[in-house]
Amino acid sequence: MTVTDPTSPANFIERIIEEDLETNKYDGRVMTRFPPEPNGYLHIGHAKSICLNFGLAETYGGLCNLRFDDTNPTKEEVEYVESIKEDVRWLGFNWDDRLYYASDYFEQLHDYAVQLIKQGQAYVDSLSAEEIREYRGTLTEPGRKSPYRNRSVEENLSLFQSMRAGEFQNGVHVLRAKIDMASGNLNMRDPVMYRILHAEHHRTGDTWCIYPMYDWAHGLCDSIEKITHSICTLEFEDHRPLYEWFLKELGVYQPQQIEFARLNLSQTVMSKRKLLRLVKEGYVNGWDDPRMPTISGLRRRGYTPEAIRDFCERIGVARKDSMVDIKLLEWCVREDLNRRAPRIMGVLRPLRVVVENYPDDTVEELEAINNPEDSTMGTRMVPFSRVLYIERDDFREDPPKKWFRLAPGREVRLRYGYYITCVDVVKDEKTGEIIELRCTYDPATKGGWSPDGRKVRGTLHWVSAEHAIEAEVRLYDYLFIKPNPEEVEEGQDFISNVNPDSLEVLRSCSLEPSVGNAALGSGYQFERLGYFCLDPDSTGSKLIFNRTVTLRDTWAKIEKKMKQDK
RNA sequence: UGGGGGAUCGUCUAGCGGUAGGACGCAUGACUCUGGAUCAUGCUACGGGGGUUCGAAUCCUCCUCCCCCAGCCA
């Protein structure tokens, strides 16, 4: 009970697979697939599915295919295909040469449809879309049989042939499976297999004007690819009987469909439709906006594939609807970046500090550790001079209790530098705004140590004004103000929960000179502030950093608690 | 009032007839040249009622609540 068996299955799907392996159900094979529809960008919910499918294949010595479910040419585009491939690859998964498209199988799918017609199990229906809906019945009432349901095999064959040949306009006919109009499962009430769509397909062009529906195509694609475990989300549970019916009636190889609960993440939305709305209505700046839960957004934000994979592992796999706290995602990226990100000093809201007793013609290079978690990352030199910037937040004219940082008369340590004491505060005469601090330093404390061993609680980050690199920094907060954006007043929708302050742009930040050669996307820890990465909007003359996530901020908690206690 | 699923700490998840565990979160403390990291300690959980059993989160039964399905979307 206290020790987890490391070889035991991590979730119910692994348990099923292990049982199948034991009973030799699929000759010891494990074959999965990730089947996105190329009609939008991948998000963190897809990452869960990707990690699951590719991960399962990996742990059981199987393979996972990447298959585009491109059966609806009116919604799908090559652009999405490319972005999906990039995202899966970036996450660290490899499909080798097993890149497939449902459209690769259109001819086979068509032949199988002909077979079903010949078996008397599919028919061409000529009811309109509205009529089909009416005939389908409701949740509590059975459906009615279409008047076209008893067309002869010959007539069905000929009509279907004409459908394929383009002799009809959109919507005139459909091909339906003949199953059971009285079934309690609506999916079994003669589901549509093919519809007429005179549309250009991103891969097959105008070869086809009839396109297979999901239920018809998906199971057959799985069957053709000899998938063993076809993993999908809970809403397809009702489709499983149909999935099995098609394959059984056709007498072809039958994988098993297994459903799991999709990921919901607090403080964000996950449906493509809603994400699209955020983009279209300008609440964010595109699909890769760092506030978006898309893979491309997370990547731009500075999340690492390792962090995302770790997250997907930690959230587990089950059949229960749930909402994962976004704080777990944040913890995962901190955990990863803490180990790997080089540290630098950067001041977001600079406050000028003049060290009065420091010579104004001197610059010292002080040694700083690149990563205290990893000594192999070495050290670097940072310049120190008479005029510095510190963080405005690190100074209080009238400090509260437990304040370790700078205040009039207080002494603090400048990280890797000297101890300084604030001796004067210079203000703008008109506005009263603090524009400069006058300090003195103790030359004996070079490097941050005092020979007399006196205690200094506060350590501040800083940059030398003369040497600083100016940069823009974008701070991000949650996109929605509520953990569950769907929780709204009557008559409102999730848009009413958009956080108006999810983006704060700081245009004159000062960073230590060593970040001048920062590489795109690589993460840094700005000491005491958080993790940041260079944004692709950067140009040669202007650096732009995104804040990936803050560091844990104990002081903020203390301050918050003190306010609450009052 | 059809069909299909699901209910375990605040959150996610383990458990598969034998003392309900882990992670995140939160709280407190230790340590620290990042109020970071780390470490330690703690935190009102088995939806409810019956039953079987020496023993039930687990098996049976009744109930309650939640989710999904009426696209020629996936």
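Remember, predicted model here, so these are calculated numbers, not experimental data. Throughout, a chain's letter reflects where its sequence line sits, starting with A, and its residues are numbered from 1. When reading the values below, keep in mind they use all heavy atoms of this one structure, side chains included, and skip hydrogens, waters and symmetry mates.
B:A45 and B:C12 have their C1' atoms separated by 13 Å, with the value rounded to a whole Å. Rounded to whole Å, the P atom of B:U13 lies 14 Å from the corresponding atom of B:G47. Going from the C1' atom of B:A57 to that of B:G21 covers 13 Å, rounded to whole Å. Of the C1' atoms belonging to B:C9 and B:C24, the separation is 12 Å, rounded to the nearest Å. Rounded to a whole angstrom, the distance from the C1' atom of B:A14 to that of B:U58 is 13 Å. Rounded to a whole angstrom, the distance from the C1' atom of B:G36 to that of B:C43 is 25 Å. One P atom belongs to B:C59, the other to B:G18, and the distance between them is 12 Å to the nearest Å. Taking atom C1' on both nucleotides, B:G25 is separated from B:U1 by 43 Å, rounded to a whole Å.
The interatomic distance linking A:N11 (CG) with B:A23 (C1') rounds to 16 Å, in whole Å. We find that NZ of A:K455 is positioned 14 Å from P of B:G35, with the value rounded to whole Å. B:A37 atom C1' lies 10 Å from atom CG of A:N371, rounded to whole Å. The separation between A:E330 atom CD and B:G25 atom P is 9 Å, rounded to whole Å. Regarding A:M181, its CE atom lies at a distance of 15 Å from the C1' atom of B:G3, rounded to whole Å. Distance CD1 (A:I390) to P (B:U34): 17 Å, rounded to an integer number of Å. Across the protein-nucleic acid pair, A:D310 atom CG and B:C24 atom P stand 10 Å apart, rounded to whole Å. Between the P atom of B:G4 and the CD atom of A:E244 lies a distance of 14 Å, rounded to the nearest Å.
The pair A:D222-A:R67 meets the salt-bridge criterion, since a charged nitrogen lies less than 4.0 angstrom from a carboxylate oxygen. A salt bridge is absent between A:D325 and A:K327: the closest approach of a Lys/Arg side-chain nitrogen to an acidic carboxylate oxygen does not fall below 4.0 angstrom.
Map A:S183 and A:R319 each onto its nearest nucleotide of RNA chain B; the residue landing nearer the 5' end is A:S183. Both A:L329 and A:D553 lie close to RNA chain B; mapped to their nearest nucleotides by heavy-atom distance, the more 5′-ward contact belongs to A:L329.
Taken from CE in A:M381 to CD in A:E364, the straight-line distance is 9.5 Å, to the nearest 0.5 Å. Here the CG-SG distance, from A:L109 to A:C221, works out to 5.5 Å after rounding to the nearest 0.5 Å. The distance from atom CD of A:E19 to atom CD1 of A:I16, rounded to the nearest 0.5 Å, is 7.5 Å.
Residues A:Y80 and A:Y41 place their aromatic rings such that the two centres sit under 6.0 Å apart. For A:H201 and A:F106, the gap between ring centers is short of 6.0 Å. Under the 6.0 Å cut-off for aromatic ring centres, A:Y418 and A:F384 qualify, their centroids lying closer than that.
No side-chain N or O of A:T459 forms a donor-acceptor pair with one of A:R415 less than 3.5 Å apart. Remark: the A:N185 side chain and the A:S183 side chain contain no N/O donor-acceptor pair separated by less than 3.5 Å. Side chain to side chain, A:E391 and A:H461 meet the donor-acceptor criterion of an N or O pair below 3.5 Å.
For B:U34, the base has a donor-acceptor partner in the side chain of A:R343 [N/O atoms by modelled type, under 3.5 angstrom]. On a pure distance criterion of 3.5 Å, no polar donor-acceptor pair joins the side chain of A:E373 and the base of B:U38.
The side chain of A:K320 contributes an N or O atom lying less than 4.0 Å from OP1 or OP2 of B:U8.
When the nucleotides B:U32, B:U38, B:C24 are ranked by their closest atom to the side chain of A:W331, B:C24 comes out on top. Nearest to the side-chain atoms of A:E335 among the listed nucleotides B:U38, B:G5, B:G35 stands B:U38.
At the heavy-atom level, A:E259 lies nowhere under 4.0 Å from the strands shown. Residue A:R405 is classed as a base contact, given a heavy-atom separation below 4.0 Å to a base. At the heavy-atom level, A:W403 lies under 4.0 Å from base atoms of the strands shown. In this structure, A:R314 reaches the sugar-phosphate backbone alone: every heavy-atom distance under 4.0 Å involves primed, P, OP1 or OP2 atoms, never a base. Contacts of A:A556 with the nucleic acid, taken as non-hydrogen atoms under 4.0 Å apart, are absent. Residue contacts for A:M323: at a heavy-atom cut-off of 4.0 Å it reaches the sugar-phosphate backbone alone, with no base atom in range. Among the atoms of the strands shown, base atoms are found under 4.0 Å from some heavy atom of A:I558. At a threshold of 4.0 angstrom between heavy atoms, the contacts of A:V317 are confined to the sugar-phosphate backbone, with no base atom among them.
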**Request:** Quick one: do A:R176 and A:S146 satisfy side chain to side chain donor-acceptor pair (under 3.5 Å)? Show the steps, please.
**Result:** CA-CA 10 Å; A:R176 299 178 74 175; A:S146 165; 5.0 Å; no
**Complete:** 5' to 3', nucleotides 63-74 of chain B under a 4.0 Å protein heavy-atom cut-off (B base, S sugar-phosphate only, - none) gives ----SBBBSBSB
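No side-chain heavy atom of A:Y105 sits less than 4.5 Å from a side-chain heavy atom of A:S223. Considering only heavy atoms from C-beta on, A:Q257 stays 4.5 Å or farther from A:I231 through its side chain.
Using the six-membered ring where Trp is involved, A:F480 and A:F494 have ring planes that are tilted, between 30° and 60° apart.
Taking the syn range as angles within 90° of 0, the glycosidic angle of B:G21 is outside it, so the base is anti.
Looking at RNA chain B, the stems built from 3 or more consecutive Watson-Crick or G-U wobble pairs, each pair with its key distances under 3.5 Å, are B:2-7 with B:64-69, B:10-13 with B:21-24, B:25-30 with B:38-43, B:47-51 with B:59-63.
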Tabulate protein N/O versus nucleotide N/O from nucleotides 27-31 of chain B, keeping only pairs under 3.5 Å, one per line.
from: B:U28; atom 1: OP1; to: A:K561; atom 2: NZ; distance (Å): 2.9

